[in-house]
Amino acid sequence: MTPAIIAFVVVLLIGAPVAVVMAISGVAGVYSLGGEPLVGIIASRMFSGVSGYMLIAVPYFIFTAELMNQGGLTQKLIAFNNALFGRVRGSLSHVNVTVSLFFAGLTGAAITDTVAIGKIMIPEMKKQGYDAEYAAAITACSSIIGPIIPPSVVMVVYATLLRDTSVIDLFAGGIIPGVLMTLALLATSIVLAWKRGYPKQAATPLRMAFMAFLTALPAMLVPLIILGGILSGMTTITEASGFAAVYAIFIGVVFYRNLTFKKIWKALVTTVKFSGVVFFLLATSAVLGWFVTRSGIAREAAEIITTFSDVPFIQIMLVCLLLIVLGTVMDVLPALVVIGPVIVPAMVSLGFDPLHFAIVMIVTLNIANVTPPVGMTLMTAARIAEVPYEKAILASLPFYCAFIAVIMLLAAFPFFSTWIPSLLG
């Protein structure tokens with residue numbers, strides 16, 4: 001175990017990509033267990049890590065999201081949500097949150113949400129008198145809803161990496177936590193809007209609001225197609241993701257008529273790049289995961305947790321604190337593939353429901369998207385808003401507190417994570 005830890009720390013400190021870090025530390029760990037004879041299984045472990053049929057859904061989900069971005073969906077969703085909140089003080093702030101809820105059912109990735117919505121909402125919020133750093137903060141923080149509301153690339157990776165929970169259960173279990181995150185952000189947004197006197201907009205006539213709804217409806221059907229097919233048992237997750245991509249092309253070309261071949265090609269290129277990163281992470285994490293299983297690190301992690309407390313709520317909050325700290329130096333997917341194989345078996349052995357802990361872990365890790373110094377979504381939003389990253393960090397603190405409150409609620413009450421999956425049997 002010691003060679004793997006030394007290799008992990010050294011390679012990470014010299015700035016190597018996380019996938020390379022996991023590959024080298026995994027090889028060191030495997031060699032320490034059985035020498036050269038065991039090193040021969042590394043190739044087969046890497047292959048098995050990316051050969052799952054369910055993983056075909058990952059590029060399809062990414063492709064669907066990119067098609068929707070290229071097809072101008074964001075403007076349609078913003079127009080519809082603006083019709084709902086126009087007369088409320090700080091309306092654009094609330095629209096930023098609610099449009100992320102709708103967009104979450106399409107993207108499955110926070111950074112996609114930030115770029116697609118931020119490029120439209122942040123300049124408009126600045127124009128109407130919102131603080132630039134606030135516009136960046138609300139955009140970045142609301143984008144966290146993306147990987148929680150299904151479909152979610154993070155959940156597909158989790159189910160592939162840790163096979164104790166099905167991706168269908170994860171999708172169903174993420175619905176209520178995603179809504180809770182939305183409500184917490186909305187409550188914070190409303191309080192800050194009234195306190196700072198952010199502007200209202202004119203009320204949208206009923207006819208215009210109805211037209212905005214009809215225009216956005218074909219796009220809003222995408223998550224219903226995906227979830228309806230999967231949760232009803234009519235399709236597998238892979239089949240649903242493929243059909244969603246075909247449907248996205250259809251409405252972009254036929255209904256909205258602004259999805260050209262050039263835009264489809266651009267979406268394909270982005271899909272290949274992002275999918276390559278995900279699959280490389282999964283391949284190298286399979287080696288490290290095999291080593292973790294054989295070495296007994298998970299058992300030792302469980303013993304360490306019990307030395308601090310034998311109260312379940314305190315145990316799970318200690319792990320959440322560890323995940324938040326890890327999120328300060330790693331993005332969500334790398335953090336998941338590094339810590340998941342160690343901490344999940346440990347928590348299950350302590351008696352935690354695998355689905356409950358999976359949802360808490362996914363929600364907590366997604367805060368890494370706005371946690372400095374990494375915080376990719378917050379950094380991206382700050383660049384769009386043209387404000388210093390430090391100011392965006394300070395502006396995000398109220399929303400960060402709202403996230404912590406939701407995590408504590410989810411940790412204390414498994415019902416929020418397990419109720420919908422239990423209804424599905």
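All values reported here derive from a predicted model rather than from experimental measurement.
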Q: Run through Leu365, Val360, Leu318 and flag the one making a side-chain contact (heavy atoms from CB on, under 4.5 Å) with Leu323.
A: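 By the side-chain contact (heavy atoms from CB on, under 4.5 Å) criterion, Leu323 pairs with just one of Leu365, Val360, Leu318: Leu365.
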
Q: Determine which pairs satisfy side-chain hydrogen bond (donor to acceptor under 3.5 Å, both in side chains) with at least one residue from residues 394-417, sequence neighbours left out, and list them in order.
A: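 Every side-chain hydrogen bond (donor to acceptor under 3.5 Å, both in side chains) pair that includes a residue of residues 394-417, provided the two are not neighbours, is Thr371-Tyr400.
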
Q. Does anything in residues 352-366 pair up under side-chain hydrogen bond (donor to acceptor under 3.5 Å, both in side chains), and if so which pairs, sequence neighbours excluded?
A.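 For residues 352-366: Asn366-Asn369.
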
Judged by atom type as modelled, is there a donor-acceptor pair below 3.5 Å linking the side chain of [X] to the main-chain atoms of [Y]?
X      : Y      : answer
Tyr130 : Glu124 : no
Ser275 : Thr271 : yes
Thr64  : Tyr60  : yes

Q: Before giving the answer on side chain to side chain contact (heavy atoms under 4.5 Å, CB included), spell out for Thr188 and Phe403 the whole-Å C-alpha distance, their side-chain angles and the decisive distance to 0.1 Å.
A: CA-CA 10 Å; Thr188 308; Phe403 290 149; over 6 Å; no

(Q) Under the rule for ring-ring contact (aromatic ring centres under 6.0 Å, His included), what residues qualify as partners of Phe399, not counting sequence neighbours? (A)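 Once residues adjacent in sequence are excluded, the partners of Phe399 under the ring-ring contact (aromatic ring centres under 6.0 Å, His included) criterion are Tyr134.
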
Q. Can you name the residues that form a ring-ring contact (aromatic ring centres under 6.0 Å, His included) with Trp194, not counting sequence neighbours?
A.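 Result, ring-ring contact (aromatic ring centres under 6.0 Å, His included) vs Trp194: none returned.
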
Does atom [atom1] of [X] have more than 12 heavy-atom neighbours from other groups under 6.0 Å away?
X      : atom1 : result
Arg257 : CZ    : no
Lys391 : NZ    : no
Phe313 : CZ    : yes
Phe250 : CZ    : no
Phe243 : CZ    : no
Phe210 : CZ    : no
Glu386 : CD    : no

Q | Stepwise side chain to side chain contact (heavy atoms under 4.5 Å, CB included) check, Tyr198 with Leu92 | A | CA-CA 9 Å; Tyr198 287 141; Leu92 283 187; over 6 Å; no

Hey, could you give me the [atom1]/[atom2] distance between [X] and [Y], rounded to the nearest 0.5 Å?
X      : Y      : atom1 : atom2 : result
Glu133 : Lys126 : CD    : NZ    : 10.0 Å
Thr98  : Leu183 : OG1   : CG    : 11.5 Å
Ile176 : Ile148 : CD1   : CD1   : 13.5 Å
Phe274 : Glu66  : CZ    : CD    : 9.5 Å
Phe357 : Leu162 : CZ    : CG    : 9.5 Å
Ile367 : Ile407 : CD1   : CD1   : 3.0 Å

Of all the heavy-atom pairs spanning [X] and [Y], show the shortest one and how long it is.
X      : Y      : answer
Met155 : Val167 : O-CG2, 4.1 Å
Leu67  : Ala248 : CD1-CB, 3.9 Å
Ile316 : Met347 : CA-CE, 3.9 Å
Ile362 : Pro147 : CG2-O, 4.3 Å

Q: Scan Thr377, Thr380, Asn96 and name whichever one has a side chain to side chain donor-acceptor pair (under 3.5 Å) with Thr139.
A: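 Of the listed residues Thr377, Thr380, Asn96, the side chain to side chain donor-acceptor pair (under 3.5 Å) partner of Thr139 is Asn96.
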
Q: Given side chain to side chain contact (heavy atoms under 4.5 Å, CB included), test Met379 with Arg383 step by step and report yes or no.
A: CA-CA 6 Å; Met379 192 178 298; Arg383 288 173 181 169; 3.7 Å; yes

Q. When you look at Phe279 and Val157, which way does the side chain to side chain contact (heavy atoms under 4.5 Å, CB included) test go after all the steps?
A. CA-CA 9 Å; Phe279 278 79; Val157 172; over 6 Å; no

Q | All side chain to side chain contact (heavy atoms under 4.5 Å, CB included) counterparts of Glu239, not counting sequence neighbours | A |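 Testing Glu239 for side chain to side chain contact (heavy atoms under 4.5 Å, CB included), a comparison that skips the adjacent residues, returns Tyr53, Thr235, Thr236.
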
(Q) Run the side chain to side chain contact (heavy atoms under 4.5 Å, CB included) test against Ile168 and tell me which residues pass, sequence neighbours left out. (A)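 Counting only residues at least two positions away or on another chain, Ile168 forms a side chain to side chain contact (heavy atoms under 4.5 Å, CB included) with Ser166, Ile230, Leu231.
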
